[in-house]
Amino acid sequence: MIYLFNNIAIFLYYFMLKHIKISNRNMKFLLLCFMQMSLIIGFRYAVGADFFSYVKIYDHLKNNESVHIEIAYKIINIICIKLEIPYWGVNLFLAILTNLFLIFAIKEFEINPVSAVFFYISFFFFYHSMNQVRQGVAMTIGLYAISKLCKGENIKFFFFVIFASLFHMSALIYLILYFLKEYKIDLKVCCIYLFGSLIVLGGYNVFTFVISFSKYGLYFNSYYDKQFTITSIANLCVRLMLLTVVMHYSSKVKNGIKKNVLYHMTFLCTFFQVITVYSSIFGRVTSLFFIGYIILFPLVIASSKKQVKRLCYLGAGLYQFVYYQMMKTSVLINNYQSIFNYRE
């Protein structure tokens with residue numbers, strides 16, 4: 001029920017503010033969404049498959065035991081421990097940080113806030129905000145960094161990407177966008193991505209050998225390293241469909257660095273999703289670029305016909321519903337509990 005409320009509320013906020021004479025309406029809408037999502041995420045208990053893994057990290061640090069985790073996440077845990085705040089304090093702080101940078105990014109990109117928040121809830125709320133919280137905060141900080149890159153503020157881009165990596169090291173992959181920002185997506189670039197995918201798949205063993213020297217190498221041949229799962233294949237189909245849609249309506253987006261960067265994100269997302277079919281550990285990498293769609297779709301539909309807008313909203317809502325049904329048990333999001341009413 002709370003997930004349904006999460007969707008309905010954002011449209012209620014929109015219609016309520018639309019009929020009230022008030023200044024800076026969009027920012028007030030974003031603040032309402034920020035508070036709503038932060039409370040739902042921050043006060044949850046035993047929701048998300050990774051929840052108790054993070055509780056264990058908190059307990060290890062509380063007992064002065066060694067923990068190998070990114071420094072920013074560790075510091076937040078240590079501060080809560082020193083202040084004698086239970087683990088929910090870590091959760092709440094991360095929820096606030098995640099949604100704060102989401103709001104900042106939406107504001108920086110100057111897009112329709114209702115569309116952006118709805119697409120974020122549809123694509124990211126269940127799996128990342130309610131589960132993979134470290135990567136969740138790294139992605140929204142990264143998205144804010146990308147907004148700076150699109151405005152030519154390169155120093156700020158590098159700073160915030162590095163800041164994001166202090167929560168999840170994988171965020172460093174955003175640095176590749178700096179080298180791609182001047183390249184427009186044309187037939188030549190599309191072919192490069194296509195042949196790149198084929199080369200990686202053809203030489204998959206060589207590719208994984210190179211990756212094995214990174215932190216991700218620890219996951220090869222582990223529980224996380226799964227091939228040809230239904231989820232990865234379904235996600236590939238969805239990403240190919242989304243890529244087709246945004247490419248079809250690419251003329252709706254104004255040419256420039258912003259367009260170049262966001263479209264490269266869609267191709268990189270698809271590229272890594274192809275690899276994810278062979279090894280599910282790359283699923284987290286594809287998610288880092290998948291977040292670009294919450295900016296790109298509002299840009300695409302801003303000047304599109306009403307029918308296109310409705311279809312995009314309907315498609316996002318359908319994706320959210322189907323994804324929830326597929327993942328609710330494995331990701332442990334089907335039974336929402338808060339710290340105020342949980343049952344062991």
Side-chain angles (χ1 to χ4, degrees), residues 109 111 115 119 123-124 139 142-143 145-147 149-152 154 157 161 170-204 206-208 210-211 228 232-280 282-305 308-309 311-312 315-316 319:
F109 276 108
I111 54 176
S115 300
F119 286 123
F123 295 152
F124 289 93
M139 285 195 299
L143 191 63
I146 292 165
S147 74
L149 177 65
C150 293
K151 290 186 174 183
N154 297 330
F157 166 71
V161 167
S170 62
L172 288 174
I173 201 169
Y174 283 132
L175 294 175
I176 195 174
L177 296 173
Y178 175 79
F179 303 100
L180 298 174
K181 64 178 180 175
E182 301 293 343
Y183 294 96
K184 181 182 178 182
I185 295 290
D186 53 19
L187 181 60
K188 179 182 177 181
V189 174
C190 289
C191 289
I192 291 173
Y193 276 114
L194 175 61
F195 287 117
S197 298
L198 294 175
I199 290 170
V200 169
L201 292 179
Y204 181 73
V206 176
F207 178 74
T208 52
V210 174
I211 299 297
F228 300 102
S232 64
I233 294 172
N235 277 331
L236 175 60
C237 293
V238 169
R239 281 154 174 72
L240 286 170
M241 183 175 64
L242 293 176
L243 179 61
T244 303
V245 171
V246 295
M247 285 301 294
H248 179 73
Y249 291 101
S250 62
S251 61
K252 302 289 184 181
V253 184
K254 184 180 178 181
N255 289 328
I257 290 178
K258 182 192 294 186
K259 181 176 181 178
N260 295 347
V261 169
L262 291 173
Y263 271 89
H264 275 293
M265 289 181 74
T266 65
F267 275 86
L268 288 167
C269 170
T270 309
F271 171 81
F272 281 106
Q273 187 59 48
V274 171
I275 304 173
T276 300
V277 173
Y278 280 78
S279 177
S280 56
F282 291 100
R284 295 197 177 200
V285 182
T286 191
S287 296
L288 289 163
F289 295 110
F290 188 46
I291 199 169
Y293 279 108
I294 75 165
I295 303 299
L296 191 52
F297 263 112
L299 289 173
V300 166
I301 67 176
S303 56
S304 299
K305 295 179 180 179
V308 175
K309 294 180 181 179
L311 284 173
C312 286
Y319 173 90

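Bear in mind that the values here come from a model prediction, so they are computed numbers and not experimental data. Heavy atoms only: backbone and side chains are in, while hydrogens, waters and symmetry mates are out.
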Heavy atoms, side chains only, cut-off 4.5 Å: are L149 and K258 in contact? no
Are there more than 12 heavy atoms of other residues, nucleotides or ligands under 6.0 Å from atom OH of Y319? yes
Could you pull out the closest heavy-atom pair between V300 and K252, with the gap in Å? O-CB, 3.6 Å
For the side chain of T286 and the backbone of C269, is there at least one donor-acceptor N/O pair under 3.5 Å apart? yes
Hey, mind stepping through M247 and Y263 against side chain to side chain contact (heavy atoms under 4.5 Å, CB included) and telling me if it holds? CA-CA 8 Å; M247 285 301 294; Y263 271 89; 3.7 Å; yes
Do I111 and I295 make a side-chain contact, defined as non-hydrogen atoms from C-beta onward lying under 4.5 Å apart? yes
Does any part of the side chain of S115, heavy atoms only, come nearer than 4.5 Å to the side chain of F297, both counted from C-beta? no
L177 versus M265: any side-chain heavy-atom pair under 4.5 Å? yes
Nearest 0.5 Å, please: how far is CG in L296 from CZ in F109? 10.0 Å
Taking the side chain as every heavy atom from C-beta outward, state whether F157 and C150 have any atom pair closer than 4.5 Å. no
What do the steps show when you test K184 against N260 for side chain to side chain contact (heavy atoms under 4.5 Å, CB included), and what is the final call? CA-CA 5 Å; K184 181 182 178 182; N260 295 347; 3.8 Å; yes
Side chain to side chain contact (heavy atoms under 4.5 Å, CB included) for I146 and V161? Distances and angles first, verdict last. CA-CA 8 Å; I146 292 165; V161 167; over 6 Å; no
Just so I know, are the side chains of V285 and T276 near enough to count as touching, which here means a heavy-atom distance under 4.5 Å? no
Which value, rounded to the nearest 0.5 Å, describes the distance between L243 atom CG and L236 atom CG? 10.5 Å
Rounded to the nearest 0.5 Å, what's the gap from CZ on F272 to OG on S287? Could you check? 12.0 Å
Point-to-point distance, once rounded to the nearest 0.5 Å, from NE2 of H264 to OH of Y183: 9.0 Å
Is any side-chain heavy atom of I185 closer than 4.5 Å to one of K259? no
Tell me if a side-chain donor or acceptor on Y174 pairs with a main-chain N or O of L288 at a distance below 3.5 Å. yes
For the OG1 atom of T266 and the CG atom of L242, what is their distance to the nearest 0.5 Å? 9.5 Å
Heavy-atom count around K151 NZ within 6.0 Å, excluding the residue itself: above 12? yes
Are the aromatic rings of Y193 and F267 close, with centres under 6.0 Å apart? yes
Is there a side-chain contact between I176 and F289, using heavy atoms and a 4.5 Å cut-off? yes
Quick check: does any side chain N or O of S250 sit under 3.5 Å from a backbone N or O of V246, one acting as donor and the other as acceptor? no
Nearest 0.5 Å, please: how far is CZ in F195 from SG in C190? 11.5 Å
Parallel, tilted or perpendicular: which describes the rings of F290 and Y293, with under 30° parallel and over 60° perpendicular? perpendicular
